[in-house]
There are 2 protein chains.
Amino acid sequence: MGKQVTEMLKGTLEGIVLAILAGRAAYGYEITAWLRDKGFTDIAEGTVYALLVRVEQRGLVDVEKVPSEKGPPRKVYSLNTQGRDHLDEFWRTWSFLAERLEQLRTEGKQS
Amino acid sequence: MGKQVTEMLKGTLEGIVLAILAGRAAYGYEITAWLRDKGFTDIAEGTVYALLVRVEQRGLVDVEKVPSEKGPPRKVYSLNTQGRDHLDEFWRTWSFLAERLEQLRTEGKQS
DNA sequence: TACCAGTAGATAGTAACACTGAATAGTGGC
DNA sequence: GCCACTATTCAGTGTTACTATCTACTGGTA
């Protein structure tokens with residue numbers, strides 16, 4: 001998908017991951033695989049882990065270490081109350097942006 | 001609007017400005033004022049100018065210096081063919097992202 | 001046994017982008 | 001002569017995602 005989506009993901013990827021965690025608890029490897037599956041083909045492995053560390057440090061998620069049948073133990077993340085608030089705020093910001101862009105797009109088609 | 005929109009604008013602000021220029025030619029001060037008017041209250045002056053320099057260097061816009069009745073001459077930017085292609089690409093990337101986010105949002109509401 | 005693929009996470013260094021703050025420069029009004 | 005408004009430029013900073021690499025555990029296979 002190239003460089004353009006990379007820049008656009010800055011600020012949105014965090015919201016995407018929090019939205020995933022709002023549905024169910026998940027661990028890094030799982031989230032990365034899910035994103036790949038949804039078409040975010042060029043999200044690097046390390047990116048999600050770094051993001052999870054950030055949101056953990058900011059206290060938006062709770063973490064639980066769960067042993068895996070295959071491979072090292074998983075760090076399972078779940079959204080806490082603060083994270084839920086942050087996600088709400090994210091959706092508000094996203095809506096603001098999406099509305100204005102949609103308006104710009106339709107205006108552009110007219111001219 | 002705070003820090004969240006700042007990060008989200010990375011990658012999209014360029015598209016927004018190109019979309020504006022697709023409608024009509026404009027200069028930096030004008031674009032900044034327009035954005036402020038549309039609710040992007042915390043976009044700094046310098047930000048738009050820096051962005052315009054970038055897109056000019058990448059050859060997406062044509063520039064014409066126009067004397068102003070009040071103040072120093074304006075640099076009027078207009079979208080060229082390459083810029084139009086880039087804008088199309090931007091809309092494709094944006095759609096990709098917007099679709100997936102919209103899906104995530106509605107899924108989240110179900111659970 | 002040795003090696004490799006798959007699973008799972010961590011980390012150091014880099015690039016891109018928007019922000020902050022200040023400087024520069026021109027015009028007109030008080 | 002100074003201030004407000006218009007208009008652009010630029011140096012320095014912070015955040016974020018990428019690249020590349022390393023660690024570590026399991027199971028299969030040559």
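In this text, all values refer to a predicted model and were calculated from it rather than measured experimentally. Every chain is numbered from 1 and lettered A, B, ... according to where its sequence line falls, protein lines coming before strand lines.
Within 3.5 Å, a donor on the side chain of B/K10 pairs with an acceptor on the base of D/dT15, or the reverse.
Computed from coordinates, the B/R74 CZ to D/dT9 C1' distance equals 18 Å when rounded to whole Å. A straight line from NZ of B/K3 to P of D/dG14 spans 12 Å, rounded to a whole angstrom. Computed from coordinates, the A/Y29 OH to D/dT26 C1' distance equals 13 Å when rounded to whole Å. The distance between atom CD of A/E45 and atom P of D/dT19, rounded to the nearest whole Å, is 12 Å. In this structure, B/Q57 places its CD atom 10 Å from P of D/dC10, rounding to the nearest Å. Atom CG in A/L9 sits about 12 Å away from atom P in D/dT19, given to the nearest Å. For A/D42 and D/dC18, the CG to P distance is 7 Å, given to the nearest whole Å.
Heavy-atom distances to DNA chain D give each of B/P72 and A/V48 a nearest nucleotide, and the one nearer the 5′ end belongs to B/P72. Both A/P73 and A/G46 sit near DNA chain D, but only A/G46 has its closest nucleotide nearer the 5' end. For the pair A/T47 and A/E7, both in contact range of DNA chain C, the more 5′-proximal nearest nucleotide belongs to A/T47.
At a cut-off of 3.5 Å, with distance as the only test, a side-chain donor of A/R105 or B/S95 sits close to an acceptor on the other residue. For the residue pair B/E45 and B/T32, no side-chain donor N or O sits within less than 3.5 Å of a side-chain acceptor on the partner.
Contact check, B/Y49 against D/dC10: no side-chain N or O comes under 4.0 Å of OP1 or OP2.
Between the side chain of A/E30 and the backbone N or O of A/Y27, at least one donor-acceptor pair lies under 3.5 Å. Counting only distance, with no hydrogens or angles, the side chain of B/D62 and the backbone of B/L79 share no donor-acceptor pair below 3.5 Å. The main-chain N or O of B/F96 is found under 3.5 Å from a side-chain atom of B/R100 such that the two form a donor-acceptor pair.
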In sequence, state the C-alpha distance, the side-chain angles, and the governing distance for A/L52 and A/I31, and then conclude on side chain to side chain contact (heavy atoms under 4.5 Å, CB included). CA-CA 10 Å; A/L52 288 171; A/I31 294 170; 4.3 Å; yes
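Residues from residues 63-71 of chain B with heavy atoms under 4.0 angstrom of DNA chain D, sorted by number: B/S68, B/K70, B/G71.
With values rounded to the nearest 0.5 angstrom, A/L97 atom CG is found 6.0 Å from B/L9 atom CG.
Using a 4.0 Å heavy-atom distance criterion, A/G11 is classed as a sugar-phosphate-only contact. Contact annotation for A/T6: backbone-only contact, meaning every heavy-atom pair under 4.0 Å involves sugar-phosphate atoms and none involves a base. The residue A/L52 sits apart from the nucleic acid: no heavy atom pair falls under 4.0 Å.
For DNA chain C, the span of nucleotides reached by chain A at under 4.0 Å from its heavy atoms goes, 5' to 3', from C/dT7 to C/dC17.
Salt bridge present: A/R58 and A/E14 bring a charged side-chain N and a carboxylate O closer than 4.0 Å. Residues A/E64 and A/R74 are not paired through a salt bridge, judged by the lack of any N-O separation under 4.0 Å between the basic side chain and the carboxylate.
Taking the six-membered ring for Trp and the full ring otherwise, B/Y29 and B/Y49 have centroids separated by 6.0 Å or more.
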